[in-house]
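Some notes on the structure that comes next.
Just so you know, these numbers come straight off a predicted model, no measurement behind them.
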Amino acid sequence: MTPREASKIMAKLKILEFPDPRLRTKASPVETVDDALRTLIGDMFETMYDAPGIGLAATQVDVHKRLLVTDVSSDNSEPYVLINPEIVEKDGVTVTDEGCLSVPGYYESVERAEHIRVRFLDREGKETEMEAEGLLAVCIQHEIDHLDGKLFVDYLSEAKRQRIRKKLEKERRHAAAVAM
């Protein structure tokens with residue numbers, strides 16, 4: 001069963017949005033890879049695909065464990081699960097327009113490594129290493145930042161970050177007023 005098929009029976013999770021202080025929590029290492037964690041992984045894939053997005057860190061759904069999921073393919077056919085990810089090598093520089101499910105509707109240029117080698121546990125708990133470049137490398141770095149309590153807006157000027165924060169807060173107030 002693919003993650004996409006499995007997600008049909010999973011639960012969609014609530015994504016925390018900037019400036020929620022819980023997004024600043026540094027995630028703890030996953031101690032045990034078990035069925036409960038695999039259920040969370042399925043729920044995260046469903047949430048990410050539904051959003052739609054290409055990456056999601058557990059921190060973004062208020063679970064402060066070092067876990068991320070990603071799929072940068074256009075047809076959701078290349079899902080990756082990285083548990084306790086650690087970048088062990090990086091090189092090159094790329095600048096891409098990044099967005100974030102926790103900062104909806106905003107995209108800004110961010111500088112990242114073009115190529116990375118990352119060590120992690122897979123969904124079965126097996127230690128694995130992989131190399132990534134381009135969009136996948138950017139996505140993994142972005143999600144690892146979440147696990148460290150950092151958001152892509154932290155790479156921006158204070159003025160831009162505050163402007164985004166104020167706009168998001170205003171949009172939420174408006175949405176709450178309309179819902180009443």
Side-chain angles (χ1 to χ4, degrees), residues 1-73 76-91 98-104 110 112-113 115-155:
M1 179 181 319
T2 68
R4 189 69 168 155
E5 292 166 340
S7 75
K8 303 265 189 257
I9 56 173
M10 302 295 166
K12 188 173 161 222
L13 305 169
K14 180 177 178 355
I15 298 172
L16 301 177
E17 292 185 2
F18 177 70
D20 192 309
R22 294 172 290 181
L23 289 167
R24 299 303 185 172
T25 304
K26 187 167 172 61
S28 302
V30 170
E31 300 293 332
T32 307
V33 178
D34 56 14
D35 287 342
L37 187 72
R38 284 186 278 277
T39 297
L40 174 61
I41 290 166
D43 291 347
M44 287 176 62
F45 271 116
E46 177 183 2
T47 303
M48 179 188 77
Y49 288 134
D50 186 65
I54 60 171
L56 186 67
T59 301
Q60 291 177 272
V61 293
D62 203 19
V63 176
H64 302 286
K65 297 290 180 187
R66 295 193 71 79
L67 164 66
L68 68 88
V69 299
T70 182
D71 186 341
V72 299
S73 68
N76 300 335
S77 64
E78 298 175 30
Y80 289 98
V81 174
L82 285 74
I83 302 166
N84 297 336
E86 174 189 359
I87 296 174
V88 294
E89 182 182 310
K90 57 183 170 181
D91 59 67
E98 288 189 27
C100 181
L101 297 177
S102 292
V103 190
V110 176
R112 303 263 187 198
H115 171 265
I116 62 171
R117 178 185 304 264
V118 62
R119 181 180 303 131
F120 58 96
L121 301 177
D122 66 15
R123 75 169 63 225
E124 302 308 318
K126 180 180 169 223
E127 187 169 302
T128 308
E129 267 194 28
M130 74 177 219
E131 293 191 32
E133 60 185 28
L135 183 58
L136 181 58
V138 167
C139 186
I140 291 170
Q141 292 170 83
H142 176 109
E143 300 309 330
I144 289 175
D145 273 356
H146 277 297
L147 301 178
D148 293 331
K150 187 171 185 176
L151 300 168
F152 90 97
V153 295
D154 296 340
Y155 291 93

For [X], give me all partners under side chain to side chain contact (heavy atoms under 4.5 Å, CB included), at least two apart in sequence or on another chain.
X: Thr59; result: Ala27, His64, Leu147
X: Ser28; result: Lys65
X: Glu124; result: Arg38, Asp122
X: Ala58; result: Met44, Val63, Leu67

**Request:** Measure from NZ or CZ of Lys12 to the centre of the six-membered ring of Tyr49, then state whether that distance is under 6.0 Å and the direction lies within 45° of the axis.
**Result:**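 No, a cation-pi geometry is absent between Lys12 and Tyr49.
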**Request:** Please say which of Thr70, Asp71, Asn76 ends up in a side chain to side chain donor-acceptor pair (under 3.5 Å) with Ser73.
**Result:**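 When Thr70, Asp71, Asn76 are each tested with Ser73, the side chain to side chain donor-acceptor pair (under 3.5 Å) holds only for Asp71.
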Applying salt bridge (Lys or Arg N to Asp or Glu O under 4.0 Å), can you list everything that pairs with [X], at least two apart in sequence or on another chain?
X: Glu127; value: Arg119
X: Lys26; value: Asp148
X: Arg24; value: Asp154
X: Asp34; value: none

Just so I know, are the side chains of [X] and [Y] near enough to count as touching, which here means a heavy-atom distance under 4.5 Å?
X: Val69; Y: Ile41; value: yes
X: Phe152; Y: Val103; value: yes
X: Glu98; Y: Tyr155; value: no
X: Thr128; Y: Leu121; value: no
X: Gln60; Y: Glu17; value: no
X: Arg123; Y: Val33; value: no

**Asked** So does Arg117 pair up with Asp91, basic N to acidic O under 4.0 Å?
**Response**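 Result for this pair is no, no salt bridge flagged.
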**Item:** Trace of the side chain to side chain contact (heavy atoms under 4.5 Å, CB included) decision for Ile144 with Arg66
**Value:** CA-CA 8 Å; Ile144 289 175; Arg66 295 193 71 79; 4.1 Å; yes
**Message:** Per the salt bridge (Lys or Arg N to Asp or Glu O under 4.0 Å) rule, what does the pair list look like for residues 51-60, sequence neighbours excluded?
**Reply:**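 Sorted result for residues 51-60: empty, none.
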**Request:** Could you grab the distance from atom CD1 of Ile54 to atom SG of Cys100, nearest 0.5 Å is fine?
**Result:**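 If we round to the nearest 0.5 Å, Ile54:CD1 and Cys100:SG are 10.5 Å apart.
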**Asked** Roughly how far, to the nearest 0.5 Å, is the CG atom of Leu151 from the CZ atom of Phe18?
**Response**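 With rounding to 0.5 Å, CZ (Phe18) is 6.5 Å from CG (Leu151).
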Closest non-hydrogen atom pair between [X] and [Y], with its separation:
X: Ala51; Y: Leu101; answer: CB-CD2, 3.5 Å
X: Ala137; Y: Ala113; answer: CB-O, 4.3 Å
X: Tyr80; Y: Phe45; answer: O-CZ, 3.6 Å
X: Cys139; Y: Val72; answer: CB-CG1, 4.1 Å
X: Asp43; Y: Ala11; answer: OD1-N, 2.9 Å
X: Met130; Y: Phe120; answer: CG-CE2, 3.7 Å

**Request:** Sort and list the pairs that fulfil ring-ring contact (aromatic ring centres under 6.0 Å, His included) and have at least one residue in residues 124-145, not counting sequence neighbours.
**Result:**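 Output for this query lists His142-His146.
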**Asked** What's the verdict on salt bridge (charged side-chain N to carboxylate O under 4.0 Å, His left out) for Asp20 and Lys14, showing C-alpha distance, side-chain angles and the deciding distance?
**Response** CA-CA 12 Å; Asp20 192 309; Lys14 180 177 178 355; over 6 Å; no
Donor-acceptor pairs are to be reported for all side-chain atoms of residues 83-90 against protein atoms at under 3.5 Å, with residues two or more places apart or in another chain.
from	atom 1	to	atom 2	distance (Å)
Asn84	OD1	Val30	N	2.7
Asn84	ND2	Val30	O	3.0

**Message:** Would Ile116 and Ile140 count as a side chain to side chain contact (heavy atoms under 4.5 Å, CB included) here? Give the steps.
**Reply:** CA-CA 9 Å; Ile116 62 171; Ile140 291 170; 3.8 Å; yes
**Prompt:** Do Leu82 and Val118 pass the side chain to side chain contact (heavy atoms under 4.5 Å, CB included) test, and can you show the C-alpha distance, the side-chain angles, and the key distance before you say yes or no?
**Reply:** CA-CA 9 Å; Leu82 285 74; Val118 62; 4.0 Å; yes
**Item:** Non-neighbouring partners of Ser77 that pass side-chain hydrogen bond (donor to acceptor under 3.5 Å, both in side chains), sequence neighbours left out
**Value:**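 Per chain and number, Ser77 pairs via side-chain hydrogen bond (donor to acceptor under 3.5 Å, both in side chains) with Asp75.
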